[in-house]
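Just so it is clear, the values below take in all heavy atoms, side chains as well, and ignore hydrogens, waters and symmetry mates. We name chains A, B, ... by the order of the sequence lines, and we start the count at 1 in each one.
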Amino acid sequence: MKSEPGDFSIDDLKKRPRRTEAWDGVRNFQARNMLRDAMRQGDLAFFYHSNCDEPGIAGIIEIASNGYPDPTAFDPHSKHFDPDSDPADPRWYLVDVRFKRKLRRLISLTELKKQKRLRNMQLLKRGNRLSVMPVGPAEWNLILEME
DNA sequence: GCCAACGTTGGC
DNA sequence: GCCAACGTTGGC
């Protein structure tokens with residue numbers, strides 16, 4: 001799961017009450033489908049810092065809820081407001097996430113790219129811009145070994 | 001700041 | 001259904 005640390009970093013998540021926050025504002029249908037259908041409470045995820053000095057994986061978070069409608073889509077005062085999202089048929093979903101731990105060090109995008117065994121990882125595919133994407137079990141374990 | 005690689009929108 | 005225009009993402 002990607003976030004710009006200037007906007008919301010893993011340290012910000014750690015400071016939240018119960019170290020938990022709603023991952024709102026995702027406005028991409030592929031990512032929406034994963035939030036709504038694929039992710040389940042108790043799953044683990046990497047917290048990726050994007051669009052910053054050193055992009056890379058900063059830590060591990062736990063999915064703290066199943067997907068549910070993103071309330072910011074219905075809030076005219078939210079920058080994520082979407083007038084086309086009908087409360088009776090919500091267009092956008094989110095999950096709650098909980099801080100688990102930071103990695104002992106940030107594993108940078110550059111370093112991930114050097115790992116031949118990660119060459120098929122979705123994060124590293126050309127042109128990828130999804131803010132939420134799957135990580136395979138082998139990829140997950142390899143990254144933890146790099147820590 | 002630049003730009004490639006998308007996704008979305010809307011005219012036709 | 002096609003596709004140009006536009007907006008966004010995110011690495012560099």
What nitrogen or oxygen pairs link the protein and nucleotides 1-3 of chain C at under 3.5 Å?
none

Q. If you look only at pairs with a residue in residues 114-133 of chain A, which of them pass as a side chain to side chain donor-acceptor pair (under 3.5 Å), with sequence neighbours excluded?
A.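 Output for this query is empty, none listed.
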Q. What residue pairs, at least two apart or across chains, pass salt bridge (Lys or Arg N to Asp or Glu O under 4.0 Å) with a residue in residues 24-45 of chain A?
A.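 Listed by first then second residue: A:Arg27-A:Asp70.
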Q. Partners of A:Arg19 by salt bridge (Lys or Arg N to Asp or Glu O under 4.0 Å), sequence neighbours excluded?
A.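 Counting only residues at least two positions away or on another chain, A:Arg19 forms no salt bridge (Lys or Arg N to Asp or Glu O under 4.0 Å).
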Excluding sequence neighbours, so at least two apart, what forms side chain to side chain contact (heavy atoms under 4.5 Å, CB included) with [X]?
{"X": "A:Phe81", "value": "A:Pro76, A:Pro83"}
{"X": "A:Ser78", "value": "A:Thr72, A:Asp75, A:His80"}
{"X": "A:Glu4", "value": "A:Asp7, A:Ser50, A:Asn51"}

Q) Taking NZ, NE, NH1 and NH2 as the nitrogens, is one of them in A:Asp82 or A:Arg91 under 4.0 Å from a carboxylate oxygen of the other? A)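 Yes, this pair counts.
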(Q) Restricting to ring-ring contact (aromatic ring centres under 6.0 Å, His included), what partner residues turn up for A:Tyr48, sequence neighbours left out? (A)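 With neighbours one apart ignored, the set is empty.
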Q: Assign a letter to each nucleotide of nucleotides 4-12 of chain C from its 5' end: B, base within under 4.0 Å of a protein heavy atom; S, sugar-phosphate only; -, no contact.
A: ---BBBBBS
Q. If you link I, L, V, M, F, W and Y whenever their side-chain heavy atoms are under 4.5 Å apart, who else ends up in the same group as A:Phe29?
A.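 A:Trp92, listed by chain and number.
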**Q.** Under the side chain to side chain donor-acceptor pair (under 3.5 Å) test, residues paired with A:Asp96 that sit two or more places apart
**A.**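 By the side chain to side chain donor-acceptor pair (under 3.5 Å) rule, A:Asp96 matches A:Tyr68.
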Q) What are the residues of residues 26-38 of chain A, sorted by number, that bring a heavy atom to within less than 4.0 Å of DNA chain C? A)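 Nucleic-acid contacts, sorted: none.
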